[in-house]
There are 2 protein chains.
Amino acid sequence: MAVANAAVKIPFEAPAPEKRVRNRAATEQVILDAAKRLLAEEGFQNFGINAVARGAGCDKQLIYRYYGGLNGLVEAIGTDLGGWVKDRIPDDTGGMFLLTYGDLMERLSMLFLDALRADPLMRRIVAWEVSESSEQVRRLSEARSKALAGWIERMRGSLVPPKGVDAQAVNAMIFAAIQHIVLASAVSDQCAGLPLKNGKDWEKAAIALKRIVRGVYG
Amino acid sequence: MAVANAAVKIPFEAPAPEKRVRNRAATEQVILDAAKRLLAEEGFQNFGINAVARGAGCDKQLIYRYYGGLNGLVEAIGTDLGGWVKDRIPDDTGGMFLLTYGDLMERLSMLFLDALRADPLMRRIVAWEVSESSEQVRRLSEARSKALAGWIERMRGSLVPPKGVDAQAVNAMIFAAIQHIVLASAVSDQCAGLPLKNGKDWEKAAIALKRIVRGVYG
DNA sequence: CCAATCTGTCACCGATCGGTGATTAGCAAG
DNA sequence: CTTGCTAATCACCGATCGGTGACAGATTGG
């Protein structure tokens with residue numbers, strides 16, 4: 001929030017004061033942004049009060065005051081996360097006609113794969129989910145899965161899975177595969193021996209994924 | 001020094017002396033075991049020199065002396081890991097006749113799923129792999145994937161995947177799904193809305209997995 | 001104008017972290 | 001017994017952690 005300052009009436013150049021504006025709402029936003037940025041770029045390992053305060057350029061006391069500590073801040077991130085799906089993943093069928101449940105799942109898989117690949121924050125949260133079992137991460141996890149479930153429900157429309165297939169279980173496997181492969185690629189450019197560096201690698205992965213979906217749902 | 005303990009020569013019961021034997025090899029083993037136990041039970045979050053020393057009941061200095069620090073210790077764990085596969089997963093076909101590549105992959109999936117579910121240390125390592133990108137974890141990851149690849153190769157025998165299927169990519173997806181679903185279950189008893197608590201839940205998951213394998217490989 | 005309130009900063013606390021000498025305690029050869 | 005070697009411990013370092021109390025400056029209501 002650069003801004004404002006002139007606000008005050010300093011007649012001549014203030015050297016480098018970077019005057020902090022007194023604005024609670026703005027500061028809250030700065031803190032929240034810093035937290036999300038930090039989590040996305042550094043991961044949850046070094047995610048703490050001090051680090052966030054440092055990143056936000058303010059005193060950690062403000063985090064306690066405005067968010068009630070790190071837990072509250074994480075909760076605020078979770079709330080923000082509610083809008084993730086609709087920001088990142090199209091809510092329509094992209095002009096396609098999804099005639100079958102297989103069509104739907106193929107498209108959902110691709111959308112989810114791309115969205116997750118493109119969003120470092122969401123990746124970190126998923127990694128966090130499978131690494132720690134704290135209350136903090138439970139909240140985040142809940143917010144994420146809720147948003148995702150809503151999105152899937154909306155996209156599903158009136159399509160129903162074929163009989164004889166436990167769609168919930170199969171879909172869980174598919175989404176699990178996507179999540180894991182994206183996580184693995186983000187830290188080591190490969191997964192289970194499959195290289196995942198350039199676009200060509202990912203094209204192969206996408207094809208394999210579609211094949212799996214089609215193998216089950218036809 | 002709390003006193004001295006008249007230590008020496010106390011005629012009657014020494015309270016809790018726990019006499020430490022002077023034995024380097026044994027101490028090294030104690031440290032290594034403590035490290036593995038700690039990693040398995042507490043996770044990589046609180047995995048550090050102090051914690052390991054505390055868990056081993058010795059001074060951290062010994063870890064520096066014997067293993068050259070935490071990195072060396074992790075490396076030692078990685079070396080140990082080489083024997084994981086053969087300890088945990090049968091190396092034969094269990095008397096089954098694997099006639100097709102689909103038979104093979106179905107069996108491998110089930111074996112891997114069960115083995116991973118049963119081994120908390122391995123789960124932690126997998127979680128570590130997708131959460132951090134340090135040199136430490138790279139070593140562990142390498143040891144693990146190497147052991148796994150060797151096992152698969154041995155099991156594969158002369159079976160070859162059907163033409164027209166990118167088996168490497170598809171198998172990576174399958175193993176990714178297994179790993180992620182096991183990780184997720186370990187921290188939240190569910191994955192993508194699919195409950196994973198009791199044996200019945202896991203039976204469903206296993207069926208879904210087999211269905212996927214069969215959908216691709218017939 | 002003063003006083004209360006709000007925003008932001010600073011200094012400090014105890015605990016723990018990784019890391020490094022210096023020191024003690026047991027064992028064996030001379 | 002003395003001398004050395006080595007296993008093992010102790011004591012301490014600076015840095016950072018999460019957390020808190022006190023304080024300074026701006027804003028606002030009376």
Side-chain angles (χ1 to χ4, degrees), chain A residues 1-10 14 16-32 34-35 38-39 42-75 132 134-136, chain B residues 1-10 14 16-32 34-35 38-39 42-75 132 134-136:
Chain A
M1 184 67 25
V3 158
N5 350 25
V8 247
K9 17 337 255 305
I10 326 183
E18 270 302 338
K19 245 333 202 146
R20 212 177 219 336
V21 284
R22 279 170 68 88
N23 181 339
R24 170 161 180 166
T27 301
E28 283 182 2
Q29 193 58 49
V30 167
I31 292 173
L32 186 60
L38 228 155
L39 193 51
E42 308 289 331
F44 57 92
Q45 300 273 27
N46 304 60
F47 186 73
I49 285 279
N50 292 299
V52 172
R54 223 177 297 126
C58 72
D59 197 278
K60 58 183 170 183
Q61 174 72 15
L62 298 184
I63 301 177
Y64 286 105
R65 266 219 269 283
Y66 297 156
Y67 291 96
L70 202 65
N71 287 343
L73 184 53
V74 169
E75 204 156 335
E132 201 183 352
S134 67
E135 192 58 22
Q136 284 183 8
Chain B
M1 210 32 86
V3 141
N5 354 350
V8 245
K9 31 223 91 179
I10 325 184
E18 272 302 339
K19 254 285 224 178
R20 197 164 240 343
V21 283
R22 278 169 68 88
N23 181 339
R24 170 161 181 167
T27 301
E28 283 183 2
Q29 193 59 46
V30 168
I31 292 173
L32 186 62
L38 227 154
L39 192 52
E42 308 290 331
F44 57 90
Q45 301 272 30
N46 303 9
F47 186 73
I49 285 280
N50 292 300
V52 172
R54 223 177 298 125
C58 71
D59 196 277
K60 59 183 169 182
Q61 175 72 17
L62 299 183
I63 300 176
Y64 286 105
R65 267 217 266 286
Y66 297 155
Y67 292 96
L70 201 65
N71 287 343
L73 184 53
V74 170
E75 203 155 338
E132 202 182 352
S134 68
E135 191 58 24
Q136 284 182 10

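In what follows, every heavy atom counts, from backbone to side chain, and hydrogens, waters and symmetry copies are set aside. Note that this is a predicted model, so its numbers are computed, not measured. Chain identifiers are assigned alphabetically (A, B, ...) following the order of the sequence lines, protein sequences preceding nucleic acid strands; residue numbering begins at 1 within each chain.
Minimum heavy-atom separation, B:I49 to B:G69: CD1-C, 4.2 Å. For the residue pair A:Q136 and A:N71, the shortest heavy atom distance occurs at NE2-OD1, 2.7 Å. Closest heavy-atom contact between A:E132 and B:Q45: OE1-NE2, 3.1 Å.
Both A:N46 and A:Q61 sit near DNA chain D, but only A:N46 has its closest nucleotide nearer the 5' end.
Between A:T27 and C:dG8, a side-chain N or O to OP1/OP2 separation shorter than 4.0 Å is present. OP1 and OP2 of C:dG18 both lie 4.0 Å or more from every side-chain N or O belonging to B:Y64.
Atom pair A:E42:CD and D:dT16:P shows a separation of 15 Å (rounding to whole Å applied). Spacing between atom CG of B:N23 and atom C1' of C:dA25 amounts to 16 Å, rounded to whole angstrom units. Distance CZ (B:R22) to P (C:dT24): 15 Å, rounded to an integer number of Å. A straight line from CZ of B:F47 to C1' of C:dT16 spans 17 Å, rounded to a whole angstrom. Atom OH of B:Y67 and atom P of D:dA7 are 13 Å apart (whole Å). If you take NZ of A:K60 and P of C:dC12, they are 14 Å apart, rounded to a whole angstrom. Rounded to a whole Å, the CG atom of A:D59 is 16 Å from the P atom of D:dA22. One atom, CG of A:L62, and another, P of C:dC6, lie 15 Å apart when rounded to the nearest Å.
Donor-acceptor pairing under 3.5 Å, judged by distance alone, is absent between the side chain of B:R65 and the base of D:dA7.
Using modelled atom types, one side-chain atom of B:Y67 and one backbone atom of B:E28 make a donor-acceptor pair closer than 3.5 Å.
You'll find that the side chain of A:I49 is closest to D:dG19, out of D:dG19, D:dC10, C:dT9. Of the listed nucleotides (D:dA8, C:dG18, C:dT16), C:dG18 has the atom at the smallest distance from the side chain of B:N50.
Here the options are A:L32, A:I31, A:L73, the test is side-chain contact (heavy atoms from CB on, under 4.5 Å), and the partner is A:Y66; only A:I31 passes.
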